[in-house]
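Step one of this worksheet: look at the structure below.
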Amino acid sequence: MNRAARAFWLDSPGRGEIREVDLPDPGPDEVVVRALYSGVSRGTETLVFRGGVPESQHTAMRAPFQEGDFPGPVKYGYLSVGVVEEGPDSLTGRTVFCLYPHQTRYVVPAAAVTPVPESVPAGRAVLAGTVETAVNALWDAAPLVGDRIAVVGGGMVGCSVAALLARFPGVRVQLVDADPARAKTAEALGVGFALPADADGECDLVVHASASEQGLARALELLRPEGTVVELSWYGDRRVGVPLGEAFHARRLTIRGSQVGTVSPARAHRSYGDRLALALDLLADPALDALVTGESPFEELPDVMPRLASGDIPALCHRVRYDGPGAGTHA
């Protein structure tokens, strides 16, 4: 059987290419997956594409099936959905999610794929990694019934957090972003929207995901005394200022980091697999389709990635479709 495949590589910062790949024969505990869709996580992946991963974070930022090293050449990505072509009977023919880069077909351990529930369309399942980040953030944040909450930053992660918070009973959730176009996304997710200057204050909790100094400063301003900001932004190699003067200490405010690379200590008894399976179950909600804001064929990724990185293509999650010539064929 010919298992040739094609993969998207970052050849050097700002320049990507598609390379031919020869797949190994699968072992007894491995699966062959044919990709249907993958997702570009605009914040992290465009930072990688620009070469913005600081040297101190090269190890921490490695994706599970990454090849190569930062700043490049590197094969990077982690939002892949496909069909198992070969493997255990329990998985063959199943649609699965895998933390794999953008590639038409790949071989991974069977334990590395998670079946997608029948209630979740394959095209929506590319959001699983980001919704998993939101799940972990809310385990860290521990919101309570009736809380007043703002999510500052209406990118892919911020919108995922807002979408999950919309299900909490009695909470006031407001998505805060400088882009008025995010109002439509907030409406689709069932939460309020405000520009930064108009946001409601006296929040018990603010989740910050704008990756900007201005956003973090505004997040602190929106808190009630003794309130908490949960910081989800990834700043890469940028240094940011934190306004710890004025009333920060008098109001006894808290800034808490949250990162998906570790399961929240609040749920330390849960595994990574448990967390991902929960995220996939939550994707049964069709409102989350609002987070997929564009789609293009795999063959166009070398042209699309620079436009995503520059902002020429505005996107939350940009979906990659694998239905071009040879994308799903094998002999």
Side-chain angles (χ1 to χ4, degrees), residues 13-14 41-58 60-61 70-71 130 133-134 136-138 140-141 148-162 165 173-183 185-186 191-261 308-312 314-316:
S41 177
R42 186 175 179 273
T44 301
E45 287 198 57
T46 59
L47 185 146
V48 169
F49 188 78
R50 294 191 299 267
V53 179
E55 188 173 351
S56 65
Q57 295 300 303
H58 282 190
M61 280 288 291
F70 303 118
T130 309
T133 299
N136 205 62
L138 293 181
D140 281 334
R148 301 170 180 175
I149 304 172
V151 179
V152 176
M156 194 174 169
V157 171
C159 284
S160 296
V161 171
L165 284 170
V173 185
Q174 192 170 59
L175 183 66
V176 180
D177 197 274
D179 183 358
R182 288 288 180 261
T185 305
V191 300
F193 175 81
L195 296 172
D198 302 325
D200 294 331
E202 290 298 304
C203 292
D204 303 288
L205 168 69
V206 178
V207 178
H208 179 237
S210 80
S212 70
E213 286 189 13
Q214 298 89 340
L216 179 54
R218 187 61 178 138
L220 288 166
E221 290 172 351
L222 295 176
L223 287 175
R224 62 162 173 80
E226 300 192 358
T228 298
V229 167
V230 172
E231 175 61 273
L232 292 183
S233 299
W234 169 241
Y235 297 96
D237 56 0
R238 290 181 293 132
R239 290 183 176 271
V240 298
V242 183
L244 301 182
E246 299 183 354
F248 177 82
H249 291 286
R251 297 174 64 214
R252 300 178 61 85
L253 304 182
T254 297
I255 302 174
R256 178 174 184 180
S258 178
Q259 210 277 333
V260 72
L308 287 169
S310 69
D312 183 46
L316 292 173

* Asked: Got a sec, which residues hit salt bridge (Lys or Arg N to Asp or Glu O under 4.0 Å) with R182, two or more places apart in sequence or on another chain?
  ->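 R182 satisfies salt bridge (Lys or Arg N to Asp or Glu O under 4.0 Å) with no residue once adjacent residues are dropped.
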
* Indicate yes or no: does R148 engage D200 in a salt bridge with an N to O separation below 4.0 Å. =>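 No, this pair does not count.
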
Minimum-distance pair of heavy atoms, taken over all atoms of [X] and [Y]:
| X | Y | result |
| --- | --- | --- |
| H208 | A219 | CB-CB, 4.3 Å |
| G154 | D177 | N-OD2, 2.6 Å |
| S160 | M156 | OG-O, 2.9 Å |
| L308 | A315 | CD2-CB, 3.7 Å |
| S210 | G215 | OG-CA, 3.4 Å |
| V206 | C203 | CG2-CB, 3.8 Å |

Measuring from [X]:[atom1] to [Y]:[atom2], what's the distance to the nearest 0.5 Å?
| X | Y | atom1 | atom2 | answer |
| --- | --- | --- | --- | --- |
| N136 | Q259 | CG | CD | 8.5 Å |
| S56 | M61 | OG | CE | 11.0 Å |
| T228 | I149 | OG1 | CD1 | 11.5 Å |
| F248 | L223 | CZ | CG | 9.0 Å |

* To do: Let me see the working for L216 and V229 under side-chain contact (heavy atoms from CB on, under 4.5 Å), right down to the final yes or no.
  => CA-CA 8 Å; L216 179 54; V229 167; 4.2 Å; yes

Does a side-chain heavy-atom distance below 4.5 Å link [X] with [Y]?
| X | Y | result |
| --- | --- | --- |
| C159 | L175 | yes |
| L165 | V151 | yes |
| Q174 | L222 | no |
| P243 | L220 | yes |
| P196 | V152 | no |
| L232 | V207 | yes |

* Are more than 12 heavy atoms from other residues, nucleotides or ligands located less than 6.0 Å from atom CZ of R251? ->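 Yes, enclosed.
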
* V157, T44, V260 screened by side chain to side chain contact (heavy atoms under 4.5 Å, CB included) with T130, the one that passes ->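 Going through the options one by one, the only one that passes is V157.
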
* For S233, does its backbone N or O pair with a side-chain atom of E231 as donor and acceptor, under 3.5 Å? ->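 Yes; judged by distance alone, with no hydrogens or angles, the pair exists.
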
* Mark yes or no for whether H58, through its side chain, and V53, through its backbone, hold a donor-acceptor pair below 3.5 Å. =>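 A pair under 3.5 Å: yes.
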
* **Residues that R224 engages under side-chain hydrogen bond (donor to acceptor under 3.5 Å, both in side chains), provided they are two or more places apart** =>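 Expected list: D204.
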
* **By side-chain contact (heavy atoms from CB on, under 4.5 Å) - contacts of R238 (at least two apart)** =>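 Applying side-chain contact (heavy atoms from CB on, under 4.5 Å) to R238 gives A211, Y235.
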
